[in-house]
Amino acid sequence: MPLDLALTEAERERILAKAAHFAPPPNLLPDGRRDLVGLSREELAEAVAEAGEKPFRAKQLWHWIYHQGVTDFSRMSSIARPLQEKLAENFVIGRPEVAVDQLSSDETRKFLFQFRDSQSVETVYIPDPVEDRGAVCISSQVGCTLSCRFCHTGTQRLARNLSPAEIVGQFMAVRDAYGEWPSPKGETPRLLSTIVLMGMGEPLYNYENVAQAMKIVMDNEGIGLSRRRITLSTSGVVPMMDRAGAELGVNLAVSLHAVRDDLRDELVPLNRKYPIKELIAACRRYPAASNARRITFEYVMLKGINDSETDARALVYLLAGLPAKVNLIPFNPWPGSTYETSTPAAIKKFAEIVLAAGYSSPVRTPRGQDILAACGQLKSQNA
Ligand code: SAH
Ligand code: SF4
């Protein structure tokens with residue numbers, strides 16, 4: 001194996017081993033019943049076999065849990081009453097508890113979900129202002145180990161990783177809130193039409209659990225959301241990017257925010273480990289990227305820090321040849337933050353330069369600011 005590949009492999013192992021230190025608690029109730037949500041198809045089949053039931057029951061359960069969205073075994077009409085009762089004695093179909101549910105004046109809705117060990121995360125539903133569709137912004141960790149200088153989550157230490165059940169459970173609980181069950185089929189419009197892994201935490205530092213959750217969400221006999229409707233945002237965990245691309249094939253968003261290593265080292269400290277050159281090389285290798293499925297480069301606009309015309313030109317130069325688009329995010333302040341948002345004129349000029357070079361450069365309208373639900377404002381309650 002060439003040395004650099006061996007190093008990447010070793011680094012990947014190190015990241016996965018570290019993730020295990022922050023493993024979520026087992027998905028059990030105090031009375032010993034097991035939560036079926038979040039199990040892979042294989043794990044569900046094992047649980048069913050352990051309970052002494054035939055394999056086809058796993059397929060039925062999958063349908064009831066992820067297609068119909070039921071949480072009560074007694075509503076599973078294809079299963080006879082005695083078996084419903086036996087299942088209810090051994091298992092539950094759980095949801096995170098809604099601790100807070102806030103609606104913004106622009107219809108953005110923020111939930112604080114609490115888990116059984118009383119850790120909590122925020123999840124945001126962002127409806128399209130015109131069409132019947134919207135994005136669910138999902139968290140992957142309670143807190144974050146990285147401490148990007150402009151991010152509220154970054155001020156909160158990592159408490160732990162979320163389990164597959166807790167990740168997919170955020171989506172299912174928002175579905176409950178909008179009554180969107182059974183799962184719409186095919187091209188039927190969906191209120192919850194896309195998932196963005198842009199909530200709290202770094203998804204590629206909790207890769208295994210995120211991957212299991214996304215495989216559940218993408219399964220055609222359940223929620224059935226296509227990989228094209230899922231976007232994973234990373235601050236640049238280079239060794240895990242190839243794996244995510246190969247195994248999940250979801251859309252990639254990269255939190256770039258600066259075009260020079262000295263500045264990015266400061267804003268996104270992970271850059272000291274995986275500098276811009278390596279990050280861009282990983283983007284060039286990303287298998288799911290194409291002209292139809294561009295990589296999104298997120299760029300938070302910080303007044304006087306990274307928003308000059310020179311920065312815009314250097315950005316275009318950096319992205320040359322990549323199927324990319326640039327998402328300009330006006331900085332969203334939070335209590336205690338030190339940066340300022342770039343002026344509208346600076347953002348406009350920056351966007352024009354990027355666009356003139358052939359990259360789409362939408363400016364992300366802040367949503368849900370009145371309830372602190374915009375990008376980078378999320379924080380759990382007990383920290
Ligand atoms: N940890 C992942 C995903 C979560 S953050 C990541 O960093 O990519 C989602 C996006 O919001 C990232 O691009 C992040 O850099 C950006 N962001 C964080 N704080 C922000 C703030 N205060 N204002 C605007 N965007 C912010
Ligand atoms: Fe963590 Fe992303 Fe916030 Fe950085 S921007 S601290 S990686 S959540």
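Just so you know, ligand 1 is whichever comes first in the structure, and atom 1 is the first atom listed for that ligand. These numbers were taken from a predicted model, which means no experiment stands behind them.
Residue-ligand proximity, Asn332 to ligand 1, at heavy-atom distances under 4.0 Å covers atoms 21 (C), 22 (N), 23 (N), 24 (C). Near Gly199, meaning under 4.0 Å from one of its heavy atoms, ligand 1 places the atoms 4 (C). Using a 4.0 Å cut-off to heavy atoms of Ile329, the atoms of ligand 1 that qualify are 24 (C), 25 (N). For ligand 1, the atoms lying closer than 4.0 Å to a non-hydrogen atom of Cys151 are 18 (C), 19 (N). Atoms of ligand 1 lying under 4.0 Å from any heavy atom of Glu202, numbered from 1 in the order shown and given with element: 1 (N), 2 (C).
Checking side-chain atoms of Asn161 against main-chain N and O of Ala19 turns up a donor-acceptor pair under 3.5 Å. Arg294 places no side-chain N or O within donor-acceptor distance of the main-chain N or O of Pro323, the cut-off being under 3.5 Å.
A salt bridge links Asp117 to Arg160: at least one charged side-chain nitrogen sits closer than 4.0 Å to a carboxylate oxygen. Using a cutoff of 4.0 Å between basic side-chain nitrogens and carboxylate oxygens, Glu208 and Arg243 are scored as salt-bridged. The pair Arg116-Glu97 does not meet the salt-bridge criterion, since no charged nitrogen lies less than 4.0 angstrom from a carboxylate oxygen.
The distance criterion of under 3.5 Å between nitrogen or oxygen atoms is not met by Pro330 with respect to ligand 1.
What sits closest to atom 9 (C) of ligand 1 on the protein, heavy atoms only, is Met198 O, 3.5 Å. In terms of protein heavy atoms, atom 2 (C) of ligand 1 is closest to Ser233 O, 3.5 Å. Remark: minimum distance from atom 19 (N) of ligand 1 to any protein heavy atom is reached at Gly376 CA, 3.0 Å.
Counting heavy atoms under 4.0 Å from ligand 1, residue Thr234 touches it through the backbone alone. The part of Val300 lying near ligand 1 is the side chain, judged by heavy-atom distances below 4.0 Å. Residue contacts with ligand 1, taken as heavy atom pairs separated by less than 4.0 Å, involve Glu298 solely via side-chain atoms from C-beta onward.
Side chain to side chain, Thr296 and Asn327 fail the donor-acceptor criterion of an N or O pair below 3.5 Å. Donor-acceptor pairing under 3.5 Å is lacking for the side chains of Ser183 and Arg190. The closest side-chain donor-acceptor pair between Thr123 and Gln170 falls under 3.5 angstrom.
Within the structure, the salt bridge (charged side-chain N to carboxylate O under 4.0 Å, His left out) test picks out the following pairs touching residues 57-84 (sequence neighbours left out): Lys59-Glu221. Sorted by first and then second residue, the pairs that involve residues 344-380 and meet ring pair (Phe, Tyr, Trp, His ring centres under 6.0 Å), not counting sequence neighbours, are Tyr299-Phe350.
By the 4.0 Å heavy-atom criterion, Gly201 is counted among the residues contacting ligand 1. The shell of residues lying under 4.0 angstrom from ligand 1, judged by heavy atoms, excludes Ala374. Proximity of Trp334 to ligand 1 is established by a heavy-atom distance of less than 4.0 Å.
Crowding of Lys215 atom NZ: a count of heavy atoms from other residues, nucleotides or ligands under 6.0 Å exceeding 12. Enclosure of atom NZ in Lys86 by more than 12 non-hydrogen atoms of other residues, nucleotides or ligands within 6.0 angstrom is indicated.
In the hydrophobic clustering, Met198 connects to Val196, either directly or through intervening members, whenever side-chain heavy atoms lie under 4.5 Å apart.
The side chain to side chain contact (heavy atoms under 4.5 Å, CB included) with Met240 is formed by just one residue from the set Asn206, Thr234, Leu16; it is Leu16.
For atom 14 (C) of ligand 1, the nearest non-hydrogen atom from the set His152, Met200, His257 belongs to His257. Nearest residue to atom 6 (C) of ligand 1 from Cys375, Pro333, Ser255 is Ser255 (criterion: closest heavy atom).
For a distance threshold of 2.8 Å, the protein N, O or S atoms nearer than that to atom 1 (Fe) of ligand 2, listed by chain and number, are Cys144 SG.
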